[in-house]
Amino acid sequence: MATEQNNLPDIISHCKEYGFIFPSSDIYDGLSAVYDYGQWGVELKKNIKDIWWKSMVYMHENIVGIDSAIFMHPTIWKASGHVDNFSDPMIDNLDSKKRYRVDHLIEGFCEQVADSNKQLADELLVKMDALLAADDFVGLKQLIVDNNMKCAVSGTCNWTDVRQFNLMFSTQLGSVAEDSDTIYLRPETAQGIFVNFLNVQKTGRMKIPFGIAQIGKAFRNEIVARGFIFRMREFEQMEMQFFVRPGTQKEWYEYWKEARMKWHLALGISASKYRFHDHVKLAHYADAACDIEFDFPMGFKEVEGIHSRTNFDLSQHQEYSKKKQMYFDNDIDEATGKPYGNYIPYVVETSIGLDRTILMVLSEAYTVEDLSTEDKKDSRVVLKFPPKLAPIKLAIFPLMKKDGLAELAREMMNEYREDFFCFYEEKDAIGKRYRRMDALGTPFCVTIDHQTKEDGTVTIRYRDSMDQERVKMSDVKAIVLNAIKS
RNA sequence: GCGGAAGUCGUAUAGUGGCUAUUACCUCAGCCUUCCAAGCUGAUGACGACAGUUCGAUUCUGUUCUUCCGCUCCA
């Protein structure tokens, strides 16, 4: 799918070499699909979070943020459907590589034999229910093998053992394991918003339509976690749940689809790198859903999902918690001339993977340039981040250490560091310092030289064009601030 | 989870059943220099882990961990 060759291995090496992303527990050989952000990666991450938060919360008077706990009441995951949907025993056929839910496989078999042998089918179903209730995986496999249940694709009976796949991580609450309740690490941040819906609505005096935003960690015990930071077991989401009047969800869904794509394009990434993918098969809670996909080194993949979740979640929580999740709408319905009254709001969700966004920005920024001339071979690796995302905004170099140039540069550093992240460097030749900054994606470098002492001008060097300009020292701050604002 | 490939300093690499494991870049210290990876001198730093075979294993075998590619999965 990707038009260029897959340069993901180069990006991974670069991220490690220059302090963006390290394998977790590196000195112990790493931990599968877990990564740590290094000194520059954490800045990039923070910048992306800030931009998202600003665009969602600060730019919308009717959206507020929260930060809910990772641990939540276990019943929440029953209400949300996560427990039922992801605790099913599965079995794989070794020939067709097809994976089945064990209950589906057995039920399918029973339907087939029911015509000729109703008694056997009923017996099997009773046995299956008993085995499922007892979590007897060995017994379940035996049942499948004994009755010669075949894979529909390969037609063979070559099965793996029955295994339980639950995508949620669990742990115990309380110090004594036997007495304690099993609780889950949240597999999505959305439920933390739903269960706080009324808290926020009442204390914030929010009127529908309104939204609640949250950035936070989520955990999924993925069977196959791969693709560098694309699919990790511990990851961070940026979600916003928008509560609307029933019947208006379609227009809000379209609104947020467009608004979110605009946000992506504002990162300076070309529209041709994005596409929408509309879901045909909808999840149990949705009445419309699409993904925003980005052209990663390994092809088009989902970065963000926009889902019209109906009133499924709030209704479920109302049922399980026995607490009303209703909103009283005072606005007048023109059709009846009366207020809309009490209802469970519908929800339109935007949910973007922060780590995926980082990978997106990195793979978009990563560039290898050939700068060879006839005399000399030369190349550079440059991360062409939009200035607002760059970990370091400005690097300040004295051309040389002596003659008071270093002191001047330090002064500038002290003045500017309050406004944005600056980096000071006096080691090595100036060209080398420029190239080092290219590799970190620093959009601007200024060099203090002897002329600075005379007329207060400095050389500003631009990352992307490698052009240099002589400007007044006092103008530099405005140049940088202007660039990181847009 | 299945199939394939691979693990050597921070990165990229060479090589070997046996002497101090190669090279480049990076990094660090010093000298010199100063507007695009300059030069010189010196330094740090690696055979993924655990077993087995062997007089001796980084090299062969097995297990394991990790990564990449393809499939599969993906509320």
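Lettering follows sequence order; numbering is per chain, from 1. Keep in mind that the numbers below use all heavy atoms, side chains included, and drop hydrogens, waters and symmetry copies.
Residues forming a side-chain hydrogen bond (donor to acceptor under 3.5 Å, both in side chains) with Asp287(A) (at least two apart in sequence, or on another chain): Gln249(A), Ser308(A). Residues meeting the salt bridge (Lys or Arg N to Asp or Glu O under 4.0 Å) test with Glu469(A), sequence neighbours left out: none. Take Arg470(A) and apply the salt bridge (Lys or Arg N to Asp or Glu O under 4.0 Å) test, not counting sequence neighbours, and it matches Asp449(A). Remark: Asp438(A) engages Arg380(A), Arg461(A) in a salt bridge (Lys or Arg N to Asp or Glu O under 4.0 Å) (not counting sequence neighbours).
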Dot-bracket pairing map - RNA chain B, Watson-Crick plus G-U, both contacts under 3.5 Å, | cross-strand: (((((((..(((.....[....))).(((((.......)))))....(((((..]....))))))))))))....
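Within the 4.0 angstrom heavy-atom criterion, only backbone atoms of the sugar-phosphate kind lie near Ser32(A); the bases stay farther away. Contact annotation for Tyr285(A): backbone-only contact, meaning every heavy-atom pair under 4.0 Å involves sugar-phosphate atoms and none involves a base. Across all strands, Tyr28(A) comes closer than 4.0 Å to no nucleic acid atom at all (heavy-atom distances).
Nucleotides G48(B) and A43(B) have their P atoms positioned 26 Å apart, rounded to a whole Å.
Interface residues of residues 426-439 of chain A facing RNA chain B, ordered by number: Lys427(A), Ala429(A), Ile430(A), Gly431(A), Lys432(A), Tyr434(A), Arg435(A), Arg436(A); criterion, heavy-atom separation under 4.0 Å.
Between His264(A) and Tyr274(A), the ring planes lie perpendicular to each other; the angle is over 60°, past the 30° to 60° tilted range.
Remark: C1' of C68(B) and CG of Asn7(A) are 14 Å apart, rounded to the nearest angstrom.
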